[in-house]
Amino acid sequence: MAPRVYNDSECLKCPEDKWPDSRKEECLPKPIQFLSYEETLGSTLACISVLFCLLTFSAFCLFIIKRKTPIVKANNRDLSYLLLISLMFGFMCSLAFIGRPNRIMCMIRQVMFAVIFSLCVSAILAKTITVVMIFSATNPDSKLKKLVGLRIPIYIVPVCTMIQIILCIVWLTTDAPFAEFNMAAEIGIIVIECNEGSRVLFACVLGYMGLLASVSLFVAFLARKLPDTFNETKFITFSMLVFASVWVTFIPAYLSTKGKQTVAVEIFAILSSSAGCLFCIFSPKCYTILLHPEMNSKQYITGRNARKQGIQ
């Protein structure tokens, strides 16, 4: 039933953006709700985002300082730099989801999220293929040995990212996200939220990221039994499992929540999946660099390989 107020002669219906006072004598503006920095939830998520970004930047600086060591040079250090940079931007892009939505921000935050995460997963896929090709080159019977000279991993990141950019351009030009006033989400409250516009294209953008993650998980799983000297495919497998688990649970949670909780769920998914990639892939390397520097040397690797050959 629509809210109404009463005067001396008749009952008046309040407009959709207003609500009657306790005495039902006049119509008052409904309170506006969105996830803001002033509230506890928004400020907490923002602090977590900045904290993880600084942690990622610390790992990036450590890799730059130790760039000439074997553990950093292994599995293509340029891709490691690119992955760390994309993770930093991934953590920071969650800040765009906090604050009062408007048309420009609704467009920017969804596109930024999609492109950055596609770049991140593409870098992980390229790192995985790099590992497979490096170890295949040492096997004279491997059919992949011929592909090593083509430097395929270099082209994976720009090509895979460009496909996502094209999807986002189509999304923005056909039915772009926009800000809307949702008056049905909660009684007596106007929720300002971003409407995705075309749900089909939004699903395509998320589906493409899922496809990249699935391919990365599949390739890393197949390569998990390669020699374990600086072989990070096991860690990539764990990171992709975390990534997939987060986004699979995100879909029902996103569809079942309303108002600012929907935005909080998406931010949580962004932070959780990014943190999973950061810790699963880079924490073992940082642990070795900082706490076991003797393992980060050619002498250690040479001695370890010699011991293995002696055992065999």
Side-chain angles (χ1 to χ4, degrees), residues 15-17 30-37 39 41-42 45-46 49 86 89-122 158-214 243-244 246-274:
E16 287 189 2
D17 60 343
K30 290 181 180 180
I32 294 177
Q33 184 186 82
F34 55 88
L35 187 62
S36 66
Y37 289 100
E39 58 184 298
L41 179 60
L45 291 173
S49 175
S86 62
F89 280 107
F91 287 122
M92 294 306 294
C93 83
S94 62
L95 297 177
F97 289 79
I98 305 174
R100 184 182 179 117
N102 55 57
R103 182 176 181 82
I104 300 299
M105 286 306 301
C106 288
M107 294 170 62
I108 289 176
R109 73 187 193 180
Q110 295 290 7
V111 171
M112 185 166 52
F113 152 70
V115 173
I116 289 174
F117 267 72
S118 295
L119 177 64
C120 177
V121 180
S122 299
V159 170
C160 293
T161 306
M162 185 56 65
I163 293 174
Q164 185 68 288
I165 292 175
I166 292 173
L167 280 174
C168 289
I169 291 174
V170 173
W171 185 15
L172 294 179
T173 53
T174 55
D175 194 0
F178 59 91
E180 68 173 359
F181 292 86
N182 188 344
M183 302 180 190
E186 296 186 33
I187 298 176
I189 296 176
I190 300 176
V191 179
I192 306 179
E193 59 187 11
C194 288
N195 187 310
E196 291 84 9
S198 173
R199 290 188 175 272
V200 173
L201 289 173
F202 181 57
C204 289
V205 167
L206 292 179
Y208 179 70
M209 286 191 293
L211 176 63
L212 289 178
S214 300
F243 187 93
V246 169
W247 288 104
V248 167
T249 55
F250 160 77
I251 295 174
Y254 183 83
L255 296 176
S256 61
T257 53
K258 296 180 180 180
K260 62 182 180 181
Q261 285 76 23
T262 303
V263 181
V265 166
E266 187 167 0
I267 294 174
F268 180 78
I270 292 173
L271 296 178
S272 300
S273 55
S274 300

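For reference, positions follow the sequence shown, starting with 1.
Residues forming a side-chain contact (heavy atoms from CB on, under 4.5 Å) with S273 (at least two apart in sequence, or on another chain): F117, F243, V246, W247. With sequence neighbours excluded, the residues forming a salt bridge (Lys or Arg N to Asp or Glu O under 4.0 Å) with E39 are K260, listed by chain and number. Under the ring-ring contact (aromatic ring centres under 6.0 Å, His included) criterion, F97 pairs with no residue at all, not counting sequence neighbours. With sequence neighbours excluded, the residues satisfying side-chain contact (heavy atoms from CB on, under 4.5 Å) with M107 are R103, L172, A176, P177. Taking T262 as the reference, Y254, T257 meet the side-chain contact (heavy atoms from CB on, under 4.5 Å) condition, with sequence neighbours excluded.
Summarising the geometry of A46 relative to Y37, their closest heavy-atom pair is CB-CE2, 3.8 Å, with the distance given to 0.1 Å. Here the closest heavy-atom approach between residue S274 and residue F91 is recorded as CB-CE2, 3.4 Å. Of all non-hydrogen atoms in S36 and I98, the two that sit nearest each other are C-CG2, 3.7 Å. The shortest heavy-atom contact between D175 and G197 is OD2-C, 3.3 Å. Closest approach of F113 and C93 over heavy atoms only: CA-SG, 4.2 Å. For S118 against L212, the heavy-atom pair with the smallest separation is O-CD1, 4.0 Å.
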Begin from the C-alpha positions of E266 and F250 and carry the test side-chain contact (heavy atoms from CB on, under 4.5 Å) through to its verdict.
CA-CA 7 Å; E266 187 167 0; F250 160 77; 3.8 Å; yes
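The CD atom of Q261 sits 11.0 Å away from the CD atom of E193 when rounded to the nearest 0.5 Å. Distance check, rounded to the nearest 0.5 Å: CD of Q110 to SG of C194 gives 7.0 Å. Taking CG from L119 and CD1 from I165, the interatomic distance works out to 8.5 Å, rounded to the nearest 0.5 Å.
Proximity of a side-chain donor or acceptor of S49 to a complementary backbone N or O of L45 within less than 3.5 Å is not detected.
Residues I192 and F181 have side chains in contact (heavy-atom distance under 4.5 Å, counting atoms from C-beta outward). Side-chain contact check for Q164 versus V121: every heavy-atom pair is 4.5 Å or farther apart.
Heavy-atom neighbours of F268 CZ from other residues, nucleotides or ligands within 6.0 Å: at or below the threshold of 12.
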Can I get a per-line list of side-chain donor-acceptor pairs under 3.5 Å for residues 201-210, giving both atom names and the distance, sequence neighbours left out?
residue : atom : partner : partner atom : Å
Y208    : OH   : C160    : O            : 2.6

